[in-house]
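To keep things clear, I will list the structure first and then write my remarks on it.
Model, not experiment: these values are computed from the prediction. All values below were derived from every heavy atom in this structure, side-chain atoms included, with hydrogens, water molecules and symmetry-related copies excluded. Note that ligands are numbered from 1 as they come in the structure, with each ligand's atoms numbered from 1 the same way.
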Amino acid sequence: MSFKPANNIQDLQYFGEFGGVNPSISDSSTYTFLSAKTMFDTFEGNADGCYLYSRHSSPSNLYLGEALAAMEGTETATVTASGMGAITPVLLQLCEAGEQIISSRTIYGGTYAFLKNFAPRLGIDTSFVDITNLERVEAAITDKTRVIYCESVSNPLLEVADVQSLAQLAKKYNLKLVVDNTFSPLSISPKKLGADVVIHSLTKFINGSSDTVGGVVCGTQEFIDQLRNVNDGAAMLLGSTMDSLRSASVLKNLRTLHIRMQQHSKNACYLAKKFENLGLKTVYPGLASHSSHELFKSMMNAEYGFGGMLTIDVGSLDKANALMELMQERNLGYLAVSLGFYKTLFSAPGSSTSSEIPDEEQQQMGLSDGLIRFSIGLDADIERTFTMMYQCMTEIGVLEPEMTLA
Ligand SMILES: *Cc1c(COP(=O)(O)O)cnc(C)c1O
């Protein structure tokens with residue numbers, strides 16, 4: 001595959017007002033017009049290059065959106081105040097009361113809660129399916145279905161969606177395929193595989209410094225215009241707008257995403273192999289034992305690797321908690337939700353980020369109590385990290401006596 005997402009970002013050239021190497025930050029909520037006629041035209045959506053009010057658009061937000069659209073290979077994008085602030089307007093724009101969404105059952109807890117508990121209040125129902133089973137997906141489609149929703153690499157189980165086949169299904173039934181690509185920026189380019197809309201929580205790898213929440217919707221000009229329409233655009237009317245100061249800061253962090261993703265992937269791959277060799281139940285898409293390893297390989301932009309996320313199952317919640325507390329004490333990472341930080345973050349998803357999912361359903365989808373989700377950091381010396389993690393595991397009694405250091 002010849003798509004080069006990081007080159008596409010790099011090739012955009014922005015200058016600041018006084019020749020600055022970073023674009024000027026637009027520090028205004030409203031904009032003057034030289035003529036009243038232009039203001040009217042802008043309201044009607046007919047004045048390109050004019051800004052009206054920053055909930056609609058602002059120069060700083062457009063710069064960041066343009067860079068993320070270049071990364072995903074879509075016509076354009078709109079940035080939002082959070083990942084959920086991107087996901088909910090997209091689904092509400094695409095579906096009306098009486099219509100239906102088909103969603104992967106292994107998705108981010110907040111998205112699951114929205115689809116399961118909130119969208120039905122608006123008459124939008126969701127059929128949750130095993131997204132890796134294409135026959136199930138197709139069987140769930142009805143004449144009310146409008147959207148197929150999935151994560152390219154799912155949270156927290158790291159299931160991989162076959163974006164190309166799902167896109168073909170979507171096309172066949174005239175549905176929109178919406179893909180949340182938060183776990184695999186640069187590695188997977190869903191639009192290139194046929195997705196209609198690509199969403200990210202910028203909070204995670206893309207911003208990478210755990211100092212803000214943010215989101216983006218990447219899609220066609222027509223769809224992004226619909227989202228921003230002053231009369232009936234869900235992004236415009238629900239108001240989840242990113243602040244300009246923040247979007248300028250996210251854009252600067254985006255500059256190093258390609259280097260960070262390579263290091264996250266390299267470190268995660270190293271640890272996953274070591275953990276698996278110890279006999280720990282390890283899930284990482286870069287392992288040959290992962291059920292979608294070949295699929296991921298066939299979709300990926302190889303230079304960015306298999307990403308920074310992995311899970312291990314240590315058998316029980318008590319052991320998981322003890323291990324995480326000890327690893328934090330030894331400064332190997334933080335017991336925290338979220339991902340994509342320079343430091344390793346770990347949490348037990350069953351009792352945290354996926355706690356919105358009822359226990360019974362957690363079991364069905366393989367989300368066990370002893371599961372620990374790791375977002376592997378940018379550690380310079382991953383060999384040392386492993387040795388220290390191994391020591392913690394030995395002390396907590398996670399490893400059986402026969403699991404010896406390979
Ligand atoms: C965190 C996350 C979200 C939600 O993003 P926020 O920025 O927290 O609103 C959505 N999808 C995935 C896969 C996530 O990890």
Side-chain angles (χ1 to χ4, degrees), residues 61 64 68 72 77-92 101 103-119 126 128 131 147 149-161 163 178-188 190 195 197-218 234-235 238-243 246-247 249-250 253-254 257 261 264 268 283 285 307-311 336-341 345-349 352-357 365 367 371 373-376:
N61 287 6
L64 176 61
L68 292 164
E72 289 297 357
T78 190
V79 296
T80 55
S82 69
M84 288 308 296
I87 292 165
T88 54
V90 164
L91 295 173
L92 294 175
I101 295 168
S103 170
S104 164
R105 59 182 187 173
T106 57
I107 49 171
Y108 178 69
T111 312
Y112 178 85
F114 174 74
L115 291 173
K116 177 101 177 171
N117 306 326
F118 198 98
T126 301
F128 293 97
I131 205 77
V147 170
Y149 183 90
C150 68
E151 295 172 2
S152 38
V153 179
S154 80
N155 178 22
L157 294 169
L158 310 180
E159 281 179 1
V160 181
V163 178
V178 179
V179 179
D180 178 339
N181 198 28
T182 301
F183 273 38
S184 45
L186 298 178
S187 293
I188 294 180
V197 179
V198 183
I199 293 176
H200 284 275
S201 165
L202 302 178
T203 314
K204 316 297 170 53
F205 289 106
I206 290 180
N207 184 57
S209 51
S210 291
D211 56 0
T212 187
V213 288
V216 68
V217 182
C218 305
L238 296 173
S240 61
T241 310
M242 182 178 274
D243 181 71
R246 190 50 87 177
S247 61
S249 144
V250 176
N253 288 343
L254 178 67
L257 180 65
M261 286 317 297
H264 284 300
V283 176
M309 303 300 295
L310 66 88
T311 69
V337 298
S338 200
L339 42 131
F341 199 32
L345 303 177
F346 31 77
S347 56
S352 61
T353 48
S354 295
S355 56
E356 294 93 337
I357 303 172
M365 59 177 69
L367 218 168
L371 198 74
R373 182 186 82 175
F374 287 80
S375 163
I376 304 299

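- Closest to atom 5 (O) of ligand 1 among all protein heavy atoms lies S201 OG, 3.0 Å.
- Close contacts of ligand 1 with I87, meaning ligand atoms under 4.0 Å from a residue heavy atom, involve 10 (C).
- Distance OG/S152 to CD1/I131: 11.5 Å, rounded to 0.5 Å.
- Checked options V197, I87, I101; the residue passing with V178 is V197 (criterion: side-chain contact (heavy atoms from CB on, under 4.5 Å)).
- Taking each of M84, K204, E151 in turn, the one with a heavy atom nearest to atom 14 (C) of ligand 1 proves to be K204.
- With S104 contributing its side chain and I107 its backbone, the two residues share no donor-acceptor pair below 3.5 Å.
- In terms of modelled atom types and a separation under 3.5 Å, the side chain of H200 and the main chain of N181 share a donor-acceptor contact.
- Defined by atom type and a distance below 3.5 Å, a donor-acceptor pair is missing between the side-chain atoms of S103 and T126.
- Using a 4.0 Å heavy-atom cutoff, G85 is absent from the residues neighbouring ligand 1.
- Proximity to G214 (heavy-atom distance under 4.0 Å) selects the following atoms of ligand 1: 7 (O).
- Under the 3.5 Å distance criterion, the side-chain polar atoms of T80 are matched with a main-chain donor or acceptor of G215.
- In this structure, the protein non-hydrogen atom closest to atom 8 (O) of ligand 1 is Y108 OH, 3.9 Å.
- Checked against a 6.0 Å centroid threshold, the rings of F128 and Y112 count as neighbours.
- If you check each of N181, T203, N207, D180 against atom 13 (C) of ligand 1, the one with the closest non-hydrogen atom is D180.
- Against a heavy-atom cut-off of under 4.0 Å, G83 is close to the following atoms of ligand 1: 5 (O), 6 (P), 7 (O), 9 (O).
- Atoms of ligand 1 lying under 4.0 Å from at least one heavy atom of F183, given by number and element, are 13 (C), 15 (O).
- Between T111 and ligand 1, not a single N/O pair is under 3.5 Å apart.
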